[in-house]
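Below, all heavy atoms of this structure are taken into account, side chains as well, without hydrogens, waters or symmetry copies. Everything numeric here is computed off the predicted structure, so don't read it as measured data. Residue numbers begin at 1 in each chain, while the letters A, B, ... track the order of the sequences.
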2 protein chains.
Amino acid sequence: MAVMDSAVAREQALDAAEELFYGRGIQSVGMDEIRGASGVSLKRLYQLFPSKEQLVEAYLERRDVRWRGRLAEFVERREGPEARILAVFDWLELWFGEDGFRGCAWMNSYGELGTSSTRVAAQVRAHKRAFREYLAGLVADAALPGARAGQLFLLAEGAMATAGITRSTEPAREAREAARLLLRAC
Amino acid sequence: MAVMDSAVAREQALDAAEELFYGRGIQSVGMDEIRGASGVSLKRLYQLFPSKEQLVEAYLERRDVRWRGRLAEFVERREGPEARILAVFDWLELWFGEDGFRGCAWMNSYGELGTSSTRVAAQVRAHKRAFREYLAGLVADAALPGARAGQLFLLAEGAMATAGITRSTEPAREAREAARLLLRAC
DNA sequence: CCCGGTGGAGAACGAGCGTTCTCTACCGCG
DNA sequence: CGCGGTAGAGAACGCTCGTTCTCCACCGGG
């Protein structure tokens with residue numbers, strides 16, 4: 001711990017921040033607790049992230065990259081444009097079933113900080129826009145009408161919100177079935 | 001203000017709490033601000049609601065009754081079981097367009113307090129269950145397969161989440177169109 | 001007119017927490 | 001061996017806020 005590379009300290013801090021912020025909410029986790037969980041001293045934490053808000057931003061940004069990466073990796077293993085669209089919902093089901101699943105980190109962050117931190121709010125909007133555009137790409141690959149993208153997006157968002165509140169994987173299956181019907185609609 | 005009936009004070013407190021909690025979030029509004037906005041003294045506030053958490057509960061409970069009442073009133077003016085289902089989404093569009101719309105109060109509260117207040121979490125689950133069951137009733141009236149209820153619910157939830165984040169009424173129209181396709185799906 | 005009690009205004013208290021500061025140990029270098 | 005500088009541990013600071021307390025004005029009953 002004596003000589004700790006900055007990059008390593010940064011990753012450890014973000015690991016602890018992600019686990020604590022996602023699991024218990026941002027406002028109820030103090031910087032001191034992140035220090036304890038990460039082993040990164042407060043002084044170092046504030047060198048790496050000059051304020052808690054910037055730590056939150058970095059947490060959401062790293063999670064965004066990883067979350068969309070995991071989704072894309074799963075989806076791209078499927079063959080066929082429609083199968084790929086349905087795979088999004090299969091992946092949601094896997095995600096909802098993971099230990100420690102607590103809903104969508106961006107929805108939760110927005111509920112907590114959307115009115116007080118414009119930077120967090122912007123990050124949430126950017127993440128949702130990126131997810132929607134990813135779906136739009138899948139819809140275009142399937143040569144479906146562009147309006148389907150928004151509809152599938154709403155199903156996925158509804159499933160995330162509901163799974164977070166009810167702690168169940170069922171919404172993913174419900175959303176998948178609805179998506180299947182939408183794909184078959186004229 | 002000198003002689004204030006308890007019931008009146010209670011309503012004034014809840015009016016202020018609703019406006020402030022919904023508009024700015026629960027954690028960022030202090031009891032003192034509610035006193036200022038309501039004209040109800042702190043002493044009286046704590047007689048009526050022995051803790052902030054109980055004031056939050058009362059706010060959510062009263063809002064639940066009113067929200068579902070307004071929805072049902074709008075829906076029941078339509079004739080025909082399928083028209084009534086679509087009316088839910090028309091009403092969402094009106095709601096999203098209201099001044100001061102800030103997303104779903106229950107999703108927001110859950111994001112803020114879901115991990116720290118089991119009572120608030122339970123209230124959110126109860127509200128969502130009631131809304132889902134209301135949809136299930138409409139679906140049954142239309143003699144549609146029961147699975148449609150969950151699918152329409154997810155569309156509505158996705159629309160609420162998205163409208164809250166993007167401050168747009170468009171998600172209601174997208175959800176309505178998806179619902180229309182689902183109603184026509186075999 | 002006096003008096004007890006009710007209610008309001010606002011101070012006070014105590015805890016939590018973001019952020020900074022102090023002190024000390026250690027390490028590489030001359 | 002001495003020294004400057006870096007890093008960590010943890011205290012300290014300042015602020016916010018939920019909750020309670022103090023003080024005083026008012027009001028109805030004897």
Margin query: Test of understanding: with side chain to side chain donor-acceptor pair (under 3.5 Å), list the residues that count as partners of Arg125(A), not counting sequence neighbours.
Written below: none
Margin query: Would you compute the distance between atom CD1 of Ile26(B) and atom CD of Glu53(B) and round it to the nearest 0.5 angstrom?
Written below: 10.0 Å
Notebook entry, point to check: Expressed in angstrom and rounded to an integer, what is the separation of Lys43(A) atom NZ from dG5(D) atom P?
Noted result: 14 Å
Next item on the list: To the nearest Å, give me how far apart CG (Leu42(A)) and P (dG18(C)) are.
Entry: 10 Å
Notebook entry, point to check: Contacts to DNA chain C from residues 24-36 of chain A, heavy-atom cutoff under 4.0 Å, which residues?
Noted result: Val29(A), Gly30(A), Met31(A)
Check: Of the residues in residues 16-23 of chain A, which ones touch DNA chain D at a heavy-atom distance under 4.0 Å?
Finding: none
Next item on the list: Look at the side chain of Tyr46(B) and decide which nucleotide, out of dA7(D), dT20(D), dG7(C), has an atom nearest to it.
Entry: dT20(D)
Check: Of all heavy-atom pairs between Gln151(A) and Leu181(B), which one has the smallest distance, and what is that distance?
Finding: OE1-CD1, 3.8 Å
Next item on the list: Specify the separation, in whole Å, of atom CZ of Arg44(B) and atom P of dT19(D).
Entry: 19 Å
Note to self: For residues 85-111 of chain B, which residue pairs pass the salt bridge (charged side-chain N to carboxylate O under 4.0 Å, His left out) check, not counting sequence neighbours?
What the structure shows: Arg70(B)-Glu98(B), Arg78(B)-Asp90(B), Asp90(B)-Arg176(B), Glu93(B)-Arg173(B)
Next item on the list: Please give the angle, rounded to 10 degrees, between the axes at the start and the end of the helix from dC1(C)-dG30(D) to dG30(C)-dC1(D), where five pairs define each axis.
Entry: 30°
Next item on the list: If a pair satisfies salt bridge (charged side-chain N to carboxylate O under 4.0 Å, His left out) and one of its residues is in residues 28-41 of chain A, list it, with sequence neighbours excluded.
Entry: Arg24(A)-Glu33(A), Asp32(A)-Arg35(A)
Could you go through residues 153-160 of chain B and list every donor-acceptor pair under 3.5 Å that involves a side-chain atom there, pairing it with any protein atom two or more places apart or in another chain?
from: Glu157(B); atom 1: OE1; to: Lys128(B); atom 2: NZ; distance (Å): 3.1
from: Glu157(B); atom 1: OE2; to: Lys128(B); atom 2: NZ; distance (Å): 3.1

Note to self: Per the side-chain hydrogen bond (donor to acceptor under 3.5 Å, both in side chains) rule, what does the pair list look like for residues 130-140 of chain B, sequence neighbours excluded?
What the structure shows: Glu174(A)-Arg132(B)
Next item on the list: Only counting residues at least two apart or in another chain, list the ones meeting side chain to side chain donor-acceptor pair (under 3.5 Å) with Glu11(B).
Entry: Arg62(B)
Margin query: So which atom in Arg167(A) and which in Gly164(A) form the shortest heavy-atom distance, rounded to 0.1 Å?
Written below: NE-O, 3.4 Å
Output a table of donor-acceptor pairs, distance under 3.5 Å, between side-chain atoms of residues 136-143 of chain B and any protein atom two or more places apart or on a different chain; print 'none' if there are none.
none

Check: Is there a residue in residues 51-60 of chain B whose heavy atoms reach under 4.0 Å of DNA chain D, and which residues are they?
Finding: Ser51(B), Lys52(B)
Next item on the list: Please collect all ring-ring contact (aromatic ring centres under 6.0 Å, His included) contacts where either partner lies in residues 35-61 of chain A, sequence neighbours excluded, each pair once.
Entry: Phe21(A)-Tyr59(A)
Notebook entry, point to check: Phe96(A) vs Phe101(A) aromatic rings, parallel, tilted or perpendicular, using cut-offs 30° and 60°?
Noted result: tilted
Item checked: Leu45(B) CG - dG8(C) P separation (whole Å) -> 10 Å
Note to self: Between Arg63(A) and Glu18(A) (side chain of the first, backbone of the second, donor and acceptor by atom type, cut-off under 3.5 Å), is there such a pair?
What the structure shows: no
